[in-house]
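Numbers here simply count residues along the sequence, with the first being 1.
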Amino acid sequence: MGPPAPIVLCVGQATIDHVLQLETSIVTGHKHRARSRDTVGGGVAANAAVAVARLGGSAVLISRVGDDAEGEVVLAGLRADGIDVSAVQRVEGRSTPFSAVLVDPSGDRTIVNHTPDDLLTGEPPDVPGFDAVLVDGRWPDASTIALSIARERGVPGVVDADRPVDPRLLDLASHIVFGEDALASTTGLVGHADGLRAVDARSGAMLAVTAGADGVVWLDDGNAREVPAFAVTAVDTTGAGDAFHGAFTLALAEGADDASALRFAAATAAVKCTRPGARRGIPVRADVEALLDREVGTEQP
């Protein structure tokens with residue numbers, strides 16, 4: 001038997017998602033027809049935990065859901081994917097967060113989320129042991145505590161920065177991966193490298209930004225480097241960012257260097273984009289390694 005799978009603690013949001021596959025692109029103020037609908041578990045941290053589990057890691061989730069029927073659906077789905085949900089609290093009298101996810105024919109998605117304002121506040125339950133932590137920032141107090149523990153233990157503490165980052169997380173994280181819009185909102189700058197350098201002046205974390213079809217830009221000792229996007233035909237981009245961050249954190253927990261972890265994460269997100277459904281489309285490790293092997297085989301000497 002090999003060594004036990006690394007434990008990745010994911011902290012943040014778990015939702016119920018109502019997904020509509022649209023026949024045409026969204027035009028504001030107009031009616032649209034959906035060719036299909038689905039109701040599934042979702043949420044940034046929850047989807048990342050599923051990615052960790054499918055890629056061979058051990059995932060633990062810290063989150064909160066309501067005491068409604070949707071909360072039980074969310075928990076049942078996570079348990080079915082092998083996620084440890086013992087640290088997920090059910091809050092009496094609160095509704096479970098939900099998202100309306102609209103996917104257009106090109107695979108691009110629009111998400112509208114509702115989370116009760118007072119659901120993800122205050123301190124979490126006792127934090128279990130872990131080899132790396134990933135936070136989505138939606139539960140700031142829990143994120144701060146988890147990242148503080150990661151720093152004390154000298155293990156990776158990753159922030160999925162898909163929206164402006166709480167300043168406390170800039171000080172505590174070992175790695176921060178921004179979405180393009182979040183980086184621009186945080187810094188007021190448009191250029192990827194310029195935005196990352198602006199954050200670098202305030203944070204000691206390794207910094208990167210995902211740019212969709214343009215790949216990933218990251219700072220290596222102040223120098224901007226790129227991880228090119230994998231050439232795939234996108235069917236549904238929903239959940240690709242969540243899968244990316246779960247894969248990235250797992251790779252770090254396994255001992256990969258930053259560049260290798262980013263490439264593994266980019267391949268995971270690329271495979272996800274070729275499959276419909278957010279959580280349903282998250283790949284297993286063999287599928288990701290097949291894409292990586294295929295890319296190596298097509299590289300020119």
Side-chain angles (χ1 to χ4, degrees), residues 8 10-23 26 32-55 57 59-85 87-91 94-116 119-120 134 136 138-139 160 162 179 234-247 250 268-285 287-288:
V8 176
C10 298
V11 181
Q13 191 179 63
T15 69
I16 191 80
D17 287 357
H18 305 284
V19 184
L20 298 174
Q21 296 278 345
L22 303 183
E23 293 183 340
I26 294 175
H32 297 80
R33 176 179 169 80
R35 65 175 183 265
S36 68
R37 63 175 292 273
D38 199 3
T39 299
V40 295
V44 177
N47 282 343
V50 171
V52 168
R54 291 193 187 166
L55 294 168
V60 181
L61 179 65
I62 288 183
S63 187
R64 285 178 177 159
V65 297
D67 62 349
D68 48 12
E70 286 82 1
E72 184 53 45
V73 171
V74 168
L75 292 177
L78 291 167
R79 292 188 191 103
D81 262 303
I83 311 304
D84 182 343
V85 295
V88 178
Q89 297 174 308
R90 301 197 68 180
V91 182
R94 295 295 182 273
S95 60
T96 295
F98 80 89
S99 293
V101 183
L102 310 178
V103 184
D104 73 16
S106 71
D108 287 336
R109 85 287 186 269
T110 300
I111 300 175
V112 181
N113 173 262
H114 174 264
T115 298
L119 183 67
L120 299 178
L134 169 65
D136 66 17
R138 285 161 173 77
W139 189 350
D160 176 352
D162 68 339
V235 172
D236 184 355
T237 62
T238 312
D242 308 338
F244 180 101
H245 288 86
L250 175 61
T268 301
V271 176
K272 159 66 217 52
C273 287
T274 67
R275 301 173 177 180
R279 185 173 295 174
R280 185 180 299 113
I282 295 173
V284 297
R285 193 170 196 122
D287 297 331
V288 177

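The one candidate from Val65, Asp68, Leu119 that meets the side chain to side chain contact (heavy atoms under 4.5 Å, CB included) condition with Ser95 is Asp68. Tested against Gln13 for a side chain to side chain donor-acceptor pair (under 3.5 Å), the candidates Thr115, Asp136, Asn47 yield a single pass: Thr115.
By the 4.5 Å heavy-atom criterion applied to side chains, Arg54 and Arg279 are counted as neighbours. Annotation: side chain of Thr110 is in contact with side chain of Ile26 (closest heavy-atom distance under 4.5 Å). The closest side-chain heavy-atom distance from Leu78 to Val50 is below 4.5 Å.
A salt bridge is defined here as a Lys NZ or Arg NE, NH1 or NH2 lying under 4.0 Å from an Asp or Glu carboxylate O, and Asp160 with Arg138 fails to meet this definition.
For the atom pair OG1 (Thr96) and CZ (Arg90), the distance works out to 6.5 Å, reported to the nearest 0.5 Å. Here the OG-CD1 distance, from Ser99 to Ile16, works out to 10.0 Å after rounding to the nearest 0.5 Å. With rounding to the nearest 0.5 angstrom, the CG atom of Leu55 is 5.0 Å from the OG1 atom of Thr268. Interatomic distance, CZ of Arg64 versus CD of Gln89, reported as 4.5 Å (0.5 Å rounding). Taking CG from Asp104 and NE2 from His32, the interatomic distance works out to 9.5 Å, rounded to the nearest 0.5 Å. Taken from CZ in Arg35 to CG in Leu22, the straight-line distance is 8.0 Å, to the nearest 0.5 Å.
Judged purely by atom type and a 3.5 angstrom limit, Asp81 has no side-chain atom pairing as donor or acceptor with the backbone of Ile83. Remark: the backbone N or O of Gly12 is paired with a side-chain donor or acceptor of Ser63 at under 3.5 angstrom. A donor-acceptor contact shorter than 3.5 Å links the side chain of Lys272 to the backbone of Asp236. The backbone N or O of Ala278 lies less than 3.5 Å from no partner atom in the side chain of Thr238, so there is not a single donor-acceptor pair. A donor-acceptor contact shorter than 3.5 Å is absent between the side chain of Asp242 and the backbone of Ala45.
Arg37 meets the salt bridge (charged side-chain N to carboxylate O under 4.0 Å, His left out) test with no other residue; sequence neighbours excluded. Under the salt bridge (charged side-chain N to carboxylate O under 4.0 Å, His left out) criterion, Asp38 pairs with Arg280, not counting sequence neighbours. Residues meeting the salt bridge (charged side-chain N to carboxylate O under 4.0 Å, His left out) test with Arg285, sequence neighbours left out: Glu254, Glu289.
Closest heavy-atom contact between Val19 and Val103: CG1-CG2, 4.2 Å. For the pair Ala53 and Ala59, the tightest heavy-atom approach, listed with the atom from each and the gap, is N-CB, 4.4 Å. Of all heavy-atom pairs spanning Asp108 and Thr237, the tightest one is CA-OG1, 3.8 Å. Listed here is the closest heavy atom pair of Ala240 and Ala269: O-CB, 3.6 Å. When all heavy atoms are compared, the tightest approach of Ala51 to Ala243 is CB-CA, 3.9 Å.
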